[in-house]
Number of protein chains: 2
Amino acid sequence: MKNIPRKTVERALLYIRTLKRLIKAKRSHVSSKELAQITGLTDVQIRKDISSFGKVGTPRIGYKTVGLKNILEDFILQRNTVHVVLFGVGNLGSAILRYPEFQKDRIKIVAAFDKDEAKIGKKINGIPVFAIADAPGIIKKRRAVIGVIAVPREAAQDIADTLATSGLKGIINFAPTSINVPAGIPVRDIDFTIEFLSLYCGILRNHH
Amino acid sequence: MKNIPRKTVERALLYIRTLKRLIKAKRSHVSSKELAQITGLTDVQIRKDISSFGKVGTPRIGYKTVGLKNILEDFILQRNTVHVVLFGVGNLGSAILRYPEFQKDRIKIVAAFDKDEAKIGKKINGIPVFAIADAPGIIKKRRAVIGVIAVPREAAQDIADTLATSGLKGIINFAPTSINVPAGIPVRDIDFTIEFLSLYCGILRNHH
DNA sequence: GGATGTGAACGACTTCACAGCG
DNA sequence: CGCTGTGAAGTCGTTCACATCC
């Protein structure tokens with residue numbers, strides 16, 4: 001099988017989620033057109049995406065919901081559970097620790113870290129909070145793969161340095177700043193300010 | 001001036017943020033190369049982006065930090081403050097209400113809404129919480145432009161319908177589901193699960 | 001006939017190579 | 001020279017048109 005483009009992977013995760021819902025609703029088949037309606041994409045795009053995983057649909061009938069879900073999950077996620085650690089148990093960090101959708105999707109936050117003595121030793125939503133100095137050991141012991149940065153901007157780079165040397169394979173960065181990490185460790189920035197402002201710019205442009 | 005591509009706009013917001021920091025550090029000029037280092041982009045990309053706003057740099061010297069910041073802000077944001085309303089004062093919603101970076105960047109959350117009677121009438125970080133039924137009136141009175149959906153998945157579509165008929169011009173959707181809105185209202189999905197899993201997929205792929 | 005699957009055209013964005021200028 | 005600015009080439013992703021199959 002060829003290399004799947006990143007965008008296709010992202011949409012595939014969306015298809016998996018949609019298929020789960022359809023399966024729960026006892027639907028045995030679904031067409032690309034219906035998937036398009038639900039996801040807000042086009043039917044061609046969906047067929048193109050799915051075709052990268054092989055010929056799995058049947059003309060005139062569509063895709064088997066269960067079969068397609070399994071194919072996508074096997075190929076994309078390999079049925080693993082993703083172990084995650086989080087840095088920064090502030091407002092945003094706590095909200096992430098309590099985010100209810102992760103368990104359903106094989107994401108497990110296995111530890112949190114903060115510099116605040118008052119928080120260390122506590123549990124939030126069952127997840128223990130440790131001192132930052134303990135991070136490397138716990139990351140290895142709990143087989144964490146992804147690190148989440150939810151600390152204030154000023155502290156982000158320090159944390160990123162810690163992460164990079166602890167064996168984590170990827171970073172989600174909520175801090176509103178670019179962080180420097182060694183090549184080979186992918187970073188996903190989730191920057192609320194940028195999202196809000198760029199949406200606003202788009203609105204301004206459309207109204208001339 | 002031509003139409004600025006969306007990606008360029010997003011990066012321009014990043015440049016503005018970086019320039020502010022440089023200005024605070026009393027730097028009068030900066031080269032595309034240095035901006036590239038700080039932001040993690042390439043210098044060519046930065047010159048290309050900036051050139052869409054006119055010829056503002058001087059060869060051999062670089063860009064004037066203050067001048068460039070003003071040009072970008074004027075063109076992109078038009079020096080407005082963006083008024084935002086938020087739906088869903090749960091863990092994530094509360095964290096967004098308390099997010100400290102918004103004020104610095106001309107984003108102002110002017111009201112929040114929740115269906116929970118216990119929360120209505122309270123203030124969080126100075127932002128009042130109202131009943132959802134009050135949304136259309138308050139959105140108009142406070143000139144809100146963007147609505148944020150931070151409610152559970154099941155409630156997201158209902159809220160989206162409310163938003164669309166209240167005169168809001170754009171939506172930020174944190175709920176892990178696609179929402180249907182009338183054409184002409186742009187939606188930005190910020191989907192934690194998708195971000196985590198697609199990062200993980202990329203990691204899996206790179207390690208074969 | 002009505003759906004999937006796909007090479008080809010198209011479009012958007014990035015990178016390259018180099019012109020221009022202080 | 002060193003840095004900006006930019007047309008051209010290249011890359012990536014989407015859309016189209018149509019062949020294919022039950």
Side-chain angles (χ1 to χ4, degrees), chain A residues 1-15 18-19 22 27-65 67-69 71-72 75 186 194 198 201-202 205-206, chain B residues 1-15 18-19 22 27-65 67-69 71-72 75 183 186 194 198 201-202 205:
Chain A
M1 304 206 191
K2 5 171 202 261
N3 252 11
I4 315 286
R6 176 191 148 148
K7 294 267 188 162
T8 298
V9 170
E10 268 171 41
R11 286 190 298 265
L13 293 165
L14 234 142
Y15 305 153
T18 307
L19 288 164
L22 290 169
R27 293 283 306 278
S28 67
H29 292 79
V30 65
S31 69
S32 58
K33 195 169 233 171
E34 188 178 0
L35 277 175
Q37 255 174 270
I38 299 174
T39 57
L41 305 166
T42 71
D43 53 342
V44 190
Q45 175 106 78
I46 286 169
R47 287 201 299 278
K48 191 95 180 180
D49 284 340
I50 293 176
S51 77
S52 356
F53 301 96
K55 300 191 185 189
V56 296
T58 40
R60 175 95 177 136
I61 292 175
Y63 303 93
K64 289 206 275 188
T65 50
L68 180 55
K69 192 204 90 175
I71 287 169
L72 295 179
F75 192 86
I194 299 282
S198 78
C201 293
R205 183 114 9 86
N206 284 352
Chain B
M1 305 204 191
K2 6 176 198 260
N3 252 12
I4 316 287
R6 176 190 146 148
K7 296 264 190 161
T8 298
V9 171
E10 268 171 41
R11 285 188 299 266
L13 294 165
L14 234 140
Y15 305 152
T18 307
L19 288 165
L22 291 169
R27 292 284 304 280
S28 67
H29 292 78
V30 65
S31 69
S32 58
K33 196 169 230 169
E34 188 178 0
L35 278 175
Q37 254 175 269
I38 299 174
T39 57
L41 304 167
T42 71
D43 53 342
V44 190
Q45 175 106 78
I46 286 169
R47 286 200 299 279
K48 191 90 175 184
D49 283 342
I50 293 177
S51 76
S52 2
F53 301 96
K55 300 193 185 186
V56 297
T58 41
R60 176 91 179 139
I61 294 176
Y63 303 94
K64 289 205 277 188
T65 50
L68 180 54
K69 191 204 92 178
I71 286 169
L72 295 179
F75 192 87
I194 300 282
S198 78
C201 294
R205 184 112 11 88

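As the structure is a computational prediction, the values presented were derived from the model and not from experiment. Residue numbers start from 1 in every chain, and the chains themselves are labelled A, B, ... in the order their sequence lines are given, proteins ahead of strands.
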Taking only N/O atoms, report every protein-nucleotides 17-20 of chain D pair under 3.5 Å with atom names and distance.
none

Polar-atom pairs under 3.5 Å, protein N or O versus N or O of nucleotides 7-10 of chain C: list them with distances, or write none.
residue, atom, partner, partner atom, Å
dG7(C), N7, Lys48(A), NZ, 3.4
dG7(C), O6, Lys48(A), NZ, 3.0
dA8(C), N6, Lys48(A), NZ, 3.4

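For the pair Tyr15(B)/Val30(B), no side-chain contact is recorded, criterion being any heavy-atom separation below 4.5 Å from C-beta on.
With the nearest nucleotide of DNA chain D identified for both Ile61(A) and Gln45(A), Gln45(A) has the one nearer the 5' end.
For Arg6(A), no side-chain nitrogen or oxygen approaches OP1 or OP2 of dT11(D) to under 4.0 Å. Note on Ser32(B): a side-chain N or O is less than 4.0 Å away from OP1 or OP2 of dT4(D). Using a 4.0 Å cut-off, some side-chain N or O of Lys55(A) falls inside it from OP1 or OP2 of dT6(C).
Pairing each heavy atom of Phe53(B) with each of Ala12(B), the nearest pair is CZ-CB, 4.3 Å. Nearest approach of His29(B) to Ile61(B), heavy atoms of both residues: CD2-CG2, 3.4 Å. Of all the heavy atoms in Arg205(A) and Val9(B), the pair that sits closest is NH2-CG2, 3.5 Å.
The residue Thr8(A) sits apart from the nucleic acid: no heavy atom pair falls under 4.0 Å.
For Thr8(B), the side chain to side chain donor-acceptor pair (under 3.5 Å) criterion is met by Asp49(B), not counting sequence neighbours.
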